[in-house]
Structure formats: structure tokens, C-alpha cells
Amino acid sequence: MDDNKEKQSVNFIETIINEELSEGKNDGRIHTRFPPEPNGYLHIGHAKSILLNYGISQEYKGKFNLRFDDTNPTKEEQEYVDSILEDVKWLGADWEDRLFFASDYFDQLYEWAEKIIMNGKAYVDDQPAEKISEQRGTPSKPGTESPFRNRIPEENLDLFRRMKAGEFPNGAKVLRAKVDMTSPNMHMRDPVMYRILHAHHHRTGDKWCLYPMYDWAHGESDYLEGITHSICTLEFEVHRPLYDWFVDQIQEAEYRPRQIEFARLNLSYTVMSKRKLLELVKEGYVNGWDDPRMPTISGLRRRGYTPESLKIFAEKVGVAKRNNVIDVALLEHSVREDLNKKASRVMAVLDPLKVIITNYPENETEILRAENNPEDPDAGYRDLPFSNEVYIERSDFMTDPPKKYFRLAPGREVRLKNAYIIKCEDYKTDEVTGEIVEVYCTYDPESKSGGAGSQRKVKGTLHWVSAQHAIDAEVRQFDRLFKNEDPENVEAGQDYKANLNPDSLTIMKACKVEPGLRDVNPGDKFQFQRMGYFCVDTDSTPEMPVFNRTVPLRDPWSKMSSKK
RNA sequence: UGCCCGAUGGUGUAAUUGGCAACACGUCUGACUCUGAAUCAGAAGAGUCCAGGUUCGAACCCUGGUCGGGCAACCA
């Protein structure tokens, strides 16, 4: 099985690694990391990155670190650290004992900064942010040098130490790397290494009033951890020369980390920026970060996605450098593929219509046998009660059906899954509304599933639930959060929120499900036959189980019928 | 007007590193079916952004364009 696992095509990062390996770089050691900033919840784009980094470490028998990039105390919170830890763990990316924080390295970073100052490669600038920004020029205009650029190392060191000691207020001074104000790369125009921030840090408390900037902290953190491949997204491509410049300042031996950039994941009908997701949460467009409609890992988890389904997805999506928009259908396909193998089949009627079987004894209950999962012989069987009154799906009965409609209609026969063939003899409508209230059928006693006369074929098979045995349940159905494939595609003056789908959430409170579903726990997953995959929500109680629809089953009929 | 990336069916990713474009999703047929699911069989759909060049041969190399994305926080 394994050997005919068609020669897996390698992505461009693996190609690079393979080349380096054959050159003997870093002694053949492979070490990756995932470096989230704890300022928001992780989303499926992060999942791609986590799975990529962890996957590479596994593939090459290397190591994988989790490191929080917590260099900005004004935006970061413990709540986010906790959620990120939970999400990464849930995905199965194992950092073993290598959980780190950039803030763990503040002392080392500071020490190095002093060294760089003494090497004449960094200086303290007294100018305000606006002034520095002005002098930086524009992409097409070179920058000009700060009047403080040529301070002598001793003076810089003294000032830097006083910055650390807290002698200056926020914004009074910064430490800048002395690189090249005329570089065509804006990031090389004497970037800021440290800013003064009298702020409480979630880990270091009030120890520091001086915090390193991303570019300075990131590569050095990689270096300290022995990271060999620092994989990040495309927008950091222009930072790479600076990443390398900073490593140059401190590198001591042969080893050095290498930054490689790949294209971030984009999903159709979805927004992915932390800022927008935060906005959706804060302004109440969704019910929290783990709202099942959110593309967050916690949202997907609550929705019923499995870690495996996300792995399947990540593999199908691939890794490259070109901008992409993945069809959400691929995500949906990935869960179905996983859940099809694992989820027990059960029957649940979401929009019940009562069917009375007129020739079945009124007070009798019959126990039928039902297969739990035709895809998994080991899943076994369960008992199902049957009686003379059952509920079927309202959409499974029509008084005047179109051609090709295989379900129940006056005079037509249909099979009740795992039970009998029934025939519609009559129905009753509400005199006022015209709504169908009951359907009257007769059953064929010879047609019992598994019985001698069960070979008889009918066009349709319906799911059902015995009226007197069924239990009540709430079902939440989700549709895409945005109406437009590209949520950003709006008329002038509007933003992505104009594309919000008002019908993204449908709550059905009168559902009837088979009695075996009485004792379920949040997270349990099922296939409601003919309906889709569902997952028990955290709001579920023993009195009222709540199911989230993870994804509907593929449904050619609804496609066919809605086309006309 | 500067610099850095990228460009292959509707979507995404490949192509033994120069040998007549493959896989997946989606779409459409059909078979099977006690889930209109799954499964199985098949089909349509790109001639690789454009123009030159090198070569027996180019999606891969070279030149010049075009288009798309990124870069001017004391954010990451």
C-alpha cells in the first residue's frame, strides 16, 4: 500500500530543503516553528501554516516549536495565548517540551543590542515618530539620514541604558539599526529595533519599558531556538534582507536560520484577517470567536470539523507562492471524506410531518435493527423502535410532485429506511392555511427490512422517526457568512460587511430525533441520514440536545429541482 | 516614476529539472444503491499571460512587455 503511494510531488519548500540536505547544510537538521502573536484567535489560514510547519518537521524527522511572538504588550492578552495553545494542540501539532515566548529572550536580545550599538551598527534616535517616518522617504524616494545617526557608540549605549531604566517617556527615543537610508527596500532604511512602551506585559509584567520590534526579535528568536526554516507568509518577503542582516550581526557559528515565504490561504465566501474577524465578534455579527460560521479553528471545531479533515484539506490545498482563493467546496469535501468513514448514521427529522400507518396495530412497538455505518463493518447495529405513527421530513411529501420526484406522494410507495414499504392513501390539510398536517399510509407487512419479502424495490427511501419514541432536539444550520464569493467585492463606500449573509444561521427547534440520541455529549458527531453531518453543540443539555450541521450531504436532487 | 514576488482548465496544485500538460475539487453522463450519500465507470474543460529569441525540442532557459500581489506602524 505504502510503496504505490504515487511519488508524492514535493512543494517548493520541500524542494529547497531537499537541496540543502544534499549539501549537508545545518548538519541535516530540520527544525520549524509556528510563531503566533497572541492578539487574536487562530483561523484556518493559521491551520495551514501549523500543519505545514509541523508536517515538515515530521517528514524530515526534525523538530517543531511553538513560540508566541509577544513583543507588543499593548495588543496581546493571555486569553489569546490560551486559545492558541488549545487550537494547536487540537490540530495535533506536538511541540513536545518546546513551548517558547519571544519575551523569554528579552534579556538576550537586549544584550545583543548593546553589542550591536558598540559595533556602531545601531543608534538612539531622539526624533518623534512622525519625523522618522518623514525621513524614511517613500518607495520611490530615498530616505534621509537622522541627525542622530552618527552619535558615538558610547553615547548611544548610555542613552539606551537609560531608556531601559525608564528615564524617558513613551515615544521619546528609539533604538534604530544603522543600515542604509537610501536602500530601495524601505525596511532597510534604519528600522526601529526598540521602542519605549511603559506597558504591562502578560508575561514579563513590569520588568521592561523597552520592547523589541518584530524584525529584530523574530530572526533572533529563530536563531536562539536553532530553527532551520523560518516559514512565513508572502508579505514578509521584503523583510528577508533585514532578517538576514540582523542574523549577520549576531551569528557565531556555521548555523543560520533561513526565512522562506509562501502564499497565505484565502477561502471563497470568507474573510480571513484578524482585524475583520475581531470586528465580526466585537460588533455582534457572530456569536463569539467560536461561532460555527467563523473560519477560526475554534469555530470549525465547534461546527464539527475534525483535525483530520483539516489535514486532508491542507494537503489538497498545497503550498506555493502565488496568490490563491480556495473554493470552500474543497473544505466541505474534506470533512465529508473524513466523517463518511467515522460518523454513525442515525435518523433525525428536522421538519417533521406526521405519517399515520392505518393498517399497523395502534399500541404496538416493534424493535428494528439498523446498521450504524455501512462504511465501517465494525460499527455494529442498533435498535430502532417503530410504531404506527412516524415523522418524516416535510420535504419528503408532495401532493403534486414533479417528474423525477422519488419520494412520497398520493398513491405512491416509498421505503422507510430499516423498516417497511408504505403507500400513501390520503392526507389531511389545515383548512385555513392549506398546510399538510397528516399523511395516511398503509404498510406492506411483507416488506420488512431484512425479512423474506424485503427484496421488493421502490424508488425512494426515507428517513423517519417513531412519533411516540422520538425525542426533541434543536438543530442549527449554517450557511456561508457572506453572500459574495469575494466579500470585499462591494460598491464604493461600503465595506465587506455589506456582503454579510442575513440567512447564515437557521435554528430549528422542533426537530425529532431517534431515541438513541438522548445521551450525547458535546462534540459527538453523526450523520443524519440523507441530511448531512451533525455535531453536538456545547449548548446542548440532557433536556434539549443541540446539533450543529457541519455540512450537508451532497444533494443532486436539490440542485436539480432548484435549477428549474 | 522605485524595489520585491507571482502568472498552467472554473478553482487549487503538479510536470522525472529542456522531451509533445498530470492530480484533486467542482461540473456533466451512466452503473449501483434500503442514504438522490458513499462507491464505481466515463466525459467535457488549459496547449501553460503576450511577443520575440536559444534549441532537434520550451510550461520550464534568455530578452522585452502585460497583468496581479506586496512594501512607506515606535504592528506582527
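Order of the sequence lines fixes the chain letters, A, B, ..., with proteins taken first and strands second; residue numbering starts at 1 for each chain. Worth knowing before you read on, the calculation uses all heavy atoms, side chains too, and leaves out hydrogens, waters and symmetry mates. Keep in mind that what you see is a predicted model, and the values were worked out from it rather than measured.
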Practice prompt. Looking only at side-chain atoms of Thr138(A), point me to the closest of A37(B), A76(B), A72(B).
Written response: A72(B)

Worksheet item: Roughly how far apart, to the nearest Å, are C60(B) and C49(B) at atom P?
Response: 8 Å

Worksheet item: Quantified in whole Å, what is the P atom distance between nucleotide A59(B) and nucleotide G52(B)?
Response: 15 Å

Worksheet entry | Atom pair distance, as rounded to whole Å: CE in Met531(A) and P in A37(B) | 14 Å

Discussion item. On the nucleotide C74(B), are OP1 or OP2 found under 4.0 Å from the side-chain N or O atoms that Arg136(A) carries?
Written reply: yes

Worksheet item: Expressed in whole Å, how much space separates the C1' atoms belonging to C3(B) and G18(B)?
Response: 31 Å

Worksheet item: Strictly by modelled atom types, are Gln529(A) and Gln527(A) linked by a side-chain donor-acceptor pair under 3.5 Å?
Response: no

Practice prompt. Would you indicate what Ala129(A) reaches in the nucleic acid, counting non-hydrogen atoms under 4.0 angstrom: base, sugar-phosphate, or nothing?
Written response: base

Fill in: Nearest-Å distance for atom pair CG/P, residues Asp327(A) and C23(B)
20 Å

Item to complete: Please name the residue in the list Lys417(A), Glu514(A), Glu393(A) that meets the side chain to side chain donor-acceptor pair (under 3.5 Å) test with His463(A).
Response: Glu393(A)

Discussion item. Please confirm whether the shortest side-chain N or O distance from Arg195(A) to OP1 or OP2 of C75(B) is below 4.0 Å.
Written reply: yes

Worksheet item: Can you find an N or O donor on one side and an acceptor on the other, under 3.5 Å apart, linking the side chain of His239(A) with the base of A76(B)?
Response: yes

Discussion item. Measure NZ/Lys321(A) against P/A14(B) and give the value in whole Å, please.
Written reply: 13 Å

Worksheet item: Does the side chain of Tyr211(A) come within less than 4.5 Å of Asn72(A)'s, by heavy atoms?
Response: no

Discussion item. Give me syn or anti for U8(B), where syn covers glycosidic angles within 90 degrees of 0.
Written reply: anti

Discussion item. Reading RNA chain B from 5' onward, which residue's closest nucleotide shows up sooner: Asn324(A) or Pro374(A)?
Written reply: Asn324(A)

Worksheet item: Do Arg412(A) and Val458(A) come within less than 4.5 Å of each other through their side chains, counting heavy atoms only?
Response: no

Worksheet item: Leu234(A) has an atom CG; how far is it from atom P of A7(B), in whole Å?
Response: 11 Å

Worksheet item: Between Phe68(A) and Phe101(A), does the ring centre distance come in under 6.0 Å?
Response: yes

Discussion item. Suppose you measure atom P in C5(B) against the same atom in C62(B); what distance do you get, rounded to whole Å?
Written reply: 13 Å

Worksheet entry | Consecutive-pair stems (3 or more, Watson-Crick or G-U, under 3.5 Å) for RNA chain B | B:2-7 with B:66-71, B:10-13 with B:22-25, B:27-31 with B:39-43, B:49-53 with B:61-65

Worksheet item: Heavy atoms under 4.0 Å, any strand shown: does Met347(A) hit a base, just sugar-phosphate, or nothing?
Response: nothing

Fill in: Atom-pair distance (CE on Met181(A); C1' on A72(B)), nearest Å
11 Å

Discussion item. Syn or anti for A43(B), given that syn means the glycosidic angle lies within 90° of 0?
Written reply: anti

Practice prompt. Quick one: label Gln127(A) by what it contacts on the DNA or RNA (base, sugar-phosphate, nothing), any heavy atom closer than 4.0 Å.
Written response: base

Worksheet entry | Side chains of Val355(A) and Val390(A) in contact at under 4.5 Å (non-hydrogen atoms) | yes

Worksheet entry | Same-atom distance (P) from A51(B) to A58(B), integer angstrom | 14 Å

Worksheet item: Considering heavy-atom distances to RNA chain B, does Tyr533(A) or Val458(A) have its closest nucleotide positioned more toward the 5' end?
Response: Val458(A)

Discussion item. If I pick the P atom on C74(B) and the same atom on G65(B), what distance separates them, to the nearest angstrom?
Written reply: 34 Å

Worksheet item: Choosing from A72(B), C3(B), U35(B), which nucleotide comes nearest the side chain of Gln529(A)?
Response: U35(B)

Fill in: Nearest listed nucleotide, side chain of Glu237(A), among C5(B), A72(B), A14(B)
C5(B)

Worksheet entry | Syn/anti state of G47(B) by chi, 90° boundary around 0 | syn

Worksheet item: Would you say Leu277(A) and Tyr41(A) make side-chain contact, with heavy atoms under 4.5 Å?
Response: no

Worksheet entry | Main-chain N/O of Glu76(A) paired to Asn39(A) side chain as donor or acceptor, under 3.5 Å | no

Discussion item. In this structure, how many angstroms lie between the P atom of G36(B) and the CD1 atom of Ile392(A), rounded?
Written reply: 13 Å

Worksheet entry | is_close_aromatic(Phe313(A), Tyr305(A)), centroid dist under 6.0 Å | no

Discussion item. With rounding to the closest Å, how many angstrom separate the C1' atoms on A43(B) and G9(B)?
Written reply: 14 Å

Discussion item. With a 4.0 Å limit, can you tell me whether Arg189(A) has a side-chain N or O closer than that to the phosphate oxygens OP1/OP2 of A72(B)?
Written reply: no

Worksheet item: Does Gln527(A) get its side chain close enough to the base of U35(B), under 3.5 Å, for a donor-acceptor pair?
Response: yes

Worksheet item: So, does Trp208(A) use its side chain to make a donor-acceptor pair with the main chain of Lys164(A) at under 3.5 Å?
Response: no

Fill in: Nucleotide nearest Arg554(A) when distance is taken to its side chain, options G26(B), G36(B), A72(B)
G26(B)

Discussion item. Is it the case that the base of U8(B) and the side chain of Arg322(A) share a donor-acceptor contact (distance under 3.5 Å, atom types as modelled)?
Written reply: yes

Worksheet entry | Between P of U35(B) and CG of Leu339(A), the distance in whole Å | 19 Å

Worksheet item: Rounding to the closest angstrom, what is the interatomic distance between G57(B) and G19(B) at atom C1'?
Response: 7 Å

Practice prompt. To the nearest Å, give me how far apart NE2 (His187(A)) and C1' (C74(B)) are.
Written response: 15 Å

Item to complete: Could you say whether the aromatic ring of Trp557(A) and the base of G36(B) stack, counting only centre distances under 5.5 Å and plane angles under 30°?
Response: yes

